[in-house]
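In what follows, a structure is listed as structure tokens, so that the remarks can point back to it.
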Amino acid sequence: MSNAPGTPALIALQQVTKTYGQGATALQALKGVDLRIAAGDFVAIMGPSGSGKSTAMNMLGCLDTPTTGEYLFQGVHVETLSRDQRARLRRNFLGFVFQGFNLLARTSAQENVELPLLYRGESAKARHAAAARALAQVGLAGWEHHTPAELSGGQQQRVAIARAIVTEPAVLLADEPTGNLDTQRSHEIMDLLWALNVDHGITVLMVTHEADMAAYAKRIVRFVDGVVASDVPNPHPAGRQTPAEVMPAEAA
Ligand code: ADP
């Protein structure tokens with residue numbers, strides 16, 4: 001993958017700082033963050049409240065820019081882009097999933113999922129087909145015409161995930177995606193994120209407070225006090241086994 005020397009990482013934060021406010025009330029939320037993420041990675045971002053996770057996710061999601069330092073996305077310097085250019089980058093390359101699902105009420109699953117394509121100006125026919133495909137991909141074929149109120153929390157999060165992947169993003173940013181769900185639904189959502197990563201190659205960046213959910217990631221990055229305090233591979237990610245694990249090389 002693109003971790004080879006000389007190959008640009010999909011994402012690289014270089015000495016990124018973020019300061020909120022000015023003068024005596026200034027608060028430095030990020031104090032020099034270095035982070036390289038290869039295409040296909042699945043990163044769990046952990047750390048205590050106030051450690052800078054949300055600030056880093058806003059940065060990675062191109063919703064905010066560093067005070068100092070660099071953010072490269074596929075070699076493009078995000079910190080030099082205009083607001084419009086960042087919005088275009090978000091629309092074309094990033095998908096977002098939130099703790100609270102953030103679906104439009106009184107709007108069908110199908111219409112919620114079509115929304116990002118509407119913003120892109122795609123035809124009704126293309127929108128319908130892509131949304132139906134994305135809903136099937138998250139296991140909600142047949143639920144297209146239900147509104148959020150008619151769906152369980154787990155199903156609502158599936159609709160939100162379908163909305164995030166309908167544009168075929170390179171990266172899925174998930175901010176505590178299981179924070180509002182019970183244990184069983186949480187594991188179902190993690191199995192889904194795992195499949196999107198392993199089967200579909202979507203890079204996943206997920207903030208979580210729960211070790212059981214971080215266990216699905218390939219890598220665990222821990223923030224403490226505005227810096228990356230540890231960054232370790234997870235040698236045995238939870239989730240379905242890959243073909244290579246089921247059929248070891250010697251048995252092939
Ligand atoms: P986490 O997501 O790990 O809880 P945050 O990134 O939200 O951490 O916050 C890091 C620090 O920055 C905290 O001290 C928080 O109070 C501060 N902070 C976050 N957002 C703002 C803001 N918009 N204005 C001022 N301070 C902020």
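Whatever order the structure lists them in is the order used to number ligands and atoms, beginning at 1. Each residue takes its place number in the sequence, starting with 1.
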Handout entry: Pair listing, salt bridge (charged side-chain N to carboxylate O under 4.0 Å, His left out) test, anchored in residues 57-67, at least two apart
Key = K18-D64
Problem - Closest approach of E79 to H77 (non-hydrogen atoms, all atoms of both residues) - result: OE2-ND1, 2.7 Å
Practice task
Please name all residues satisfying ring-ring contact (aromatic ring centres under 6.0 Å, His included) with F42, sequence neighbours left out, ordered by chain then number.
Solution key: none
Fill in the blank from the handout: Residue set satisfying ring-ring contact (aromatic ring centres under 6.0 Å, His included) with H128, at least two apart, ordered chain then number -> none
Problem - Residues, nucleotides or ligands: over 12 heavy atoms within 6.0 Å of Y119 OH - result: no
What are the distances between nitrogen or oxygen atoms of ligand 1 and protein nitrogen or oxygen atoms, counting only those under 3.5 Å?
{"from": "ligand 1", "atom 1": "2 (O)", "to": "S54", "atom 2": "N", "distance (Å)": "2.8"}
{"from": "ligand 1", "atom 1": "2 (O)", "to": "S54", "atom 2": "OG", "distance (Å)": "2.6"}
{"from": "ligand 1", "atom 1": "3 (O)", "to": "G50", "atom 2": "N", "distance (Å)": "3.4"}
{"from": "ligand 1", "atom 1": "3 (O)", "to": "S51", "atom 2": "N", "distance (Å)": "3.1"}
{"from": "ligand 1", "atom 1": "3 (O)", "to": "S51", "atom 2": "OG", "distance (Å)": "3.3"}
{"from": "ligand 1", "atom 1": "3 (O)", "to": "G52", "atom 2": "N", "distance (Å)": "3.0"}
{"from": "ligand 1", "atom 1": "3 (O)", "to": "K53", "atom 2": "N", "distance (Å)": "3.0"}
{"from": "ligand 1", "atom 1": "3 (O)", "to": "K53", "atom 2": "NZ", "distance (Å)": "2.8"}
{"from": "ligand 1", "atom 1": "4 (O)", "to": "G50", "atom 2": "N", "distance (Å)": "2.6"}
{"from": "ligand 1", "atom 1": "6 (O)", "to": "T55", "atom 2": "N", "distance (Å)": "2.9"}
{"from": "ligand 1", "atom 1": "6 (O)", "to": "T55", "atom 2": "OG1", "distance (Å)": "2.5"}
{"from": "ligand 1", "atom 1": "8 (O)", "to": "G52", "atom 2": "N", "distance (Å)": "3.1"}

Exercise for the section: Answer yes or no: is there an ion pair linking R222 with D231, defined by an N-O contact shorter than 4.0 Å? Expected result: no
